[in-house]
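Below, each value reflects all heavy atoms present in this structure, side chains not excepted, and no hydrogens, waters or symmetry copies.
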Amino acid sequence: MKTSAIQMLAEGKMSKTLFRLCLPAVAAMAVNGIYNVVDAFFIGLTGDMGAIGAISVIFPLFVVITALGIFLGIGASSYISRCLGAKAILKANDAASTAVIFSLILGAVSTVTGFLLMRPMLYLFGAREVIMPYASAYTSWILYGNIFAVLNVTLAGIIRAEGNTIYPTVAMLSGTVLNIALDPVFIFAAGLGIKGAAIATLISYITTSIISIYYYLSNKAVIKIRLRLASISKENSVEIIKVGFPAMTKQVLLAVVFCMINMLSAGYGENAVTAAGICAKVNSFMAMTMMGITQGFMPVAGFNFGAKNYARVLDAFKKILFVLLLFAVICSLLYLLLSDELIRIFCRDEAVIRIGEQFMIAFAVGTIPLAVSFLMDALFFACGLARAAMLLSISRQGLIFIPLVLIADRLYQLQGVIWSSAAADTLSSILIALPLFIAFIHRIKSANASLNISIS
C-alpha cells in the first residue's frame with residue numbers, strides 16, 4: 001500500500017507536501033467557483049435584468065447540490081484517510097464504494113424532489129413575478145444534471161483522500177472549460193438565453209463525471225470501488241455519516257443564509273436581490289479558494305491523525321493557517337479597492353452596483369474570521385471529530401446568523417441584512433471555533449504527553 005502518494009502523506013516534507021496537495025485542490029475549487037459565475041457573466045452580457053436576477057437568486061440551489069456531494073465526499077474522504085493511515089486498505093475500499101452508491105441514490109432522490117417542489121423552492125430563494133419564469137427555465141435543466149453534480153463532488157473527495165489532488169482538478173477543469181465554450185454557443189448563437197446557459201452547465205457536469213469515472217476504470221487509483229451492496233456495512237455508513245452530516249449541514253445552512261438574505265433583500269426591491277446574488281457569487285470564488293486550501297490540508301491531517309502522528313497534524317495546521325490568513329487579507333483589499341469593477345463584470349445597472357458595493361465592504365470585513373472557521377472545520381472533519389464539527393457547522397449559519405439577521409433587519413433595515421454575515425462569522429470564530437480548538441489541543445496532549453506542541 002506504500003505508494004508515493006501514501007509515503008508523501010506519512011513522511012514527506014510538510015511544506016512541499018501541502019503545496020503539492022493544496023495547489024491542485026485550490027485550482028479545482030477555483031474552477032468550481034468559476035462554474036458558479038460563468039453563466040452569470042454570459043447572461044449579464046444579454047442585459048436582460050430578469051435573467052440576471054434569476055441567475056442571482058438560483059445560487060442557493062448550487063449550494064444545496066454541492067452540500068449533497070460534500071456529505072459523501074468529505075465523510076468518505078475523512079474515513080478513507082484515517083483507514084489508510086492505519087493501513088486498513090480493505091475498509092477504505094468499502095467506504096469508497098459505499099459513498100458512490102449513496103451518491104447515486106441521493107442524487108436521484110433529490111432530483112425528483114427538486115422537480116416536485118420547484119416553484120415553492122424558487123420562491124424561497126427570492127424569485128418573484130419578473131424573475132420566476134427565468135429561474136424555472138434554468139432550474140429545470142440544472143436538476144437533470146443533479147445526479148452527476150453530486151457524484152462529481154463525491155468522487156473528487158475520494159480521490160483526494162489517497163493523496164491525488166491533480167486528477168480531480170483535471171476533471172473539474174475540463175468540465176468548466178467546456179461550459180465556458182458552450183455558453184455563448186447556446187445562449188447567443190442558438191438563441192436559447194438562460195435555458196442555453198443551463199444546458200451548457202448540464203453537459204459540463206456529465207463530462208466531469210465521465211473523466212472521474214475513467215480514473216477508476218483505468219486502475220490508476222489506490223482505492224478500488226466496487227458497486228456491490230455488500231460494501232454497505234454499518235461501520236462504513238456510520239463513519240461516513242458522522243463526519244459527512246456536519247459538513248452537509250454547514251452547506252445546507254449556507255443555502256439558508258443566502259435564502260434569508262435574498263428574501264429580506266426582496267423587501268427593499270429587485271435591485272437589492274440582484275446585488276445580493278451577484279456579490280454572493282463574487283464572494284463564492286474567494287470562499288471556494290479557501291475551501292481548496294483546506295481540502296489540500298485534510299488528507300495530511302486525517303492520515304497522520306489516524307497514524308497518531310499528532311505533531312505532523314499540528315505542523316500542517318500552522319502552515320495552512322498562515323496561508324489562509326494571507327489570502328484573506330489580499331481578498332479584503334481587493335474587495336475594498338475593486339468592488340465597483342467586480343460587480344460590473346456581471347451587471348452595469350448603477351442602482352445594483354451602489355447596493356453591491358456595500359455588500360462587498362461587509363464581505364471584506366468577514367474574510368479573516370471566515371478563513372479561521374474554514375480551517376477549524378477542515379481540522380475537525382479530517383480527524384473524525386463529529387461533535388465538534390457539528391457544533392461549529394450549525395453555530396455560524398444557524399445559532400448565530402438566523403437570529404442576528406432577523407434582529408438586524410428590523411433595527412437597521414437593508415444595512416442590517418448586508419452586515420449580518422460578517423458579524424456572524426466574527427462571533428462564531430471567537431465564541432465557538434477558538435474554544436473547540438483549545439479543547440482539541442488538550443485532547444491530543446493527553447493522548448501523547450511527550451508531544452511538544454506550539455502554535456505560536
Side-chain angles (χ1 to χ4, degrees), residues 25-44 52-70 125-126 138 142 149 152-153 156 172-173 175-176 179-180 197 201 204-205 247-248 250-262 265 273-295 324 327-328 330-332 334-335 338-339 341-343 345-347 352 356 359-371 373-374 377-378 396-397 401 418 420-422 424-425:
V26 167
M29 295 308 292
V31 166
N32 201 15
I34 294 172
Y35 255 128
N36 291 332
V37 302
V38 66
D39 286 352
F41 171 76
F42 284 108
I43 290 298
I52 294 171
I55 290 290
S56 298
V57 301
I58 286 300
F59 186 62
L61 175 62
F62 286 99
V63 176
V64 172
I65 292 172
T66 303
L68 298 177
I70 283 176
F125 290 168
Y138 186 84
I142 291 298
N152 291 342
V153 180
M172 191 70 72
L173 182 61
T176 301
N179 193 6
I180 293 171
T201 300
S204 70
Y205 282 162
M248 180 184 69
K250 177 187 174 182
Q251 285 295 114
V252 170
L253 286 173
L254 184 60
V256 171
V257 168
F258 290 128
C259 287
M260 292 192 70
I261 290 176
N262 284 346
S265 297
V273 177
T274 302
I278 288 174
C279 292
K281 284 182 175 292
V282 173
N283 196 49
S284 73
F285 189 83
M286 178 275 297
M288 288 290 185
T289 303
M290 285 188 179
M291 287 179 65
I293 294 171
T294 59
Q295 285 189 1
L324 280 173
F327 179 72
I330 293 171
C331 288
S332 294
L334 289 175
Y335 286 178
L338 301 175
S339 59
E341 289 79 0
L342 290 170
I343 298 167
I345 294 173
F346 306 101
C347 179
V352 173
F359 272 104
M360 295 307 295
I361 292 171
F363 286 153
V365 173
T367 54
I368 290 178
L370 186 63
S373 293
F374 275 164
D377 270 341
R396 184 262 176 185
Q397 289 99 342
F401 174 80
I418 289 172
S420 55
S421 291
D425 287 335

Could you go through the side chain to side chain contact (heavy atoms under 4.5 Å, CB included) check for Y205 and N179 one step at a time? CA-CA 9 Å; Y205 282 162; N179 193 6; over 6 Å; no

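- Remark: Y138 OH to T201 OG1 distance equals 4.0 Å, nearest 0.5 Å.
- For the atom pair OG1 of T66 and CE of M291, the computed distance is 8.0 Å after rounding to the nearest 0.5 Å.
- Taking 4.5 Å as the limit, some side-chain heavy atom of I142 sits within range of a side-chain heavy atom of F62.
- For the residue pair K281 and I55, the shortest heavy atom distance occurs at CE-O, 3.1 Å.
- Distance check, rounded to the nearest 0.5 Å: CD1 of I52 to CD1 of I43 gives 8.0 Å.
- Note that CD1 of I65 and CG of L61 are 4.0 Å apart. Values are rounded to the nearest 0.5 Å.
- No donor-acceptor pair closer than 3.5 Å links the side chain of S265 to the backbone N or O of N262.
- Taking CG of N283 as the reference point, atom CZ of F363 lies at 4.5 Å (rounded to 0.5 Å).
- Annotation for A378 and T294: closest pair CB-CB, 3.6 Å, computed over non-hydrogen atoms.
- Results of the side chain to side chain contact (heavy atoms under 4.5 Å, CB included) test with V273 over V352, V57, I278 single out V57 as the only residue that passes.
- Taken from CG in L253 to CZ in F258, the straight-line distance is 12.0 Å, to the nearest 0.5 Å.
- The shortest non-hydrogen separation linking M290 to L370 is SD-C, 4.5 Å.
- Two residues are said to be in side-chain contact when any heavy atoms from C-beta on lie closer than 4.5 Å; S373 and D425 fail this criterion.
- The minimum heavy-atom distance linking P369 with V365 is given by the pair CD-O, 3.8 Å.
- Contact detail for G175 and S204: the closest heavy-atom pair is O-CB, 2.9 Å.
- Taking every heavy atom of both residues into account, T367 and C331 meet most closely at CG2-CB, 4.4 Å.
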Dump the intermediate steps for side chain to side chain contact (heavy atoms under 4.5 Å, CB included) on V282 and F359, then the final yes or no. CA-CA 11 Å; V282 173; F359 272 104; over 6 Å; no

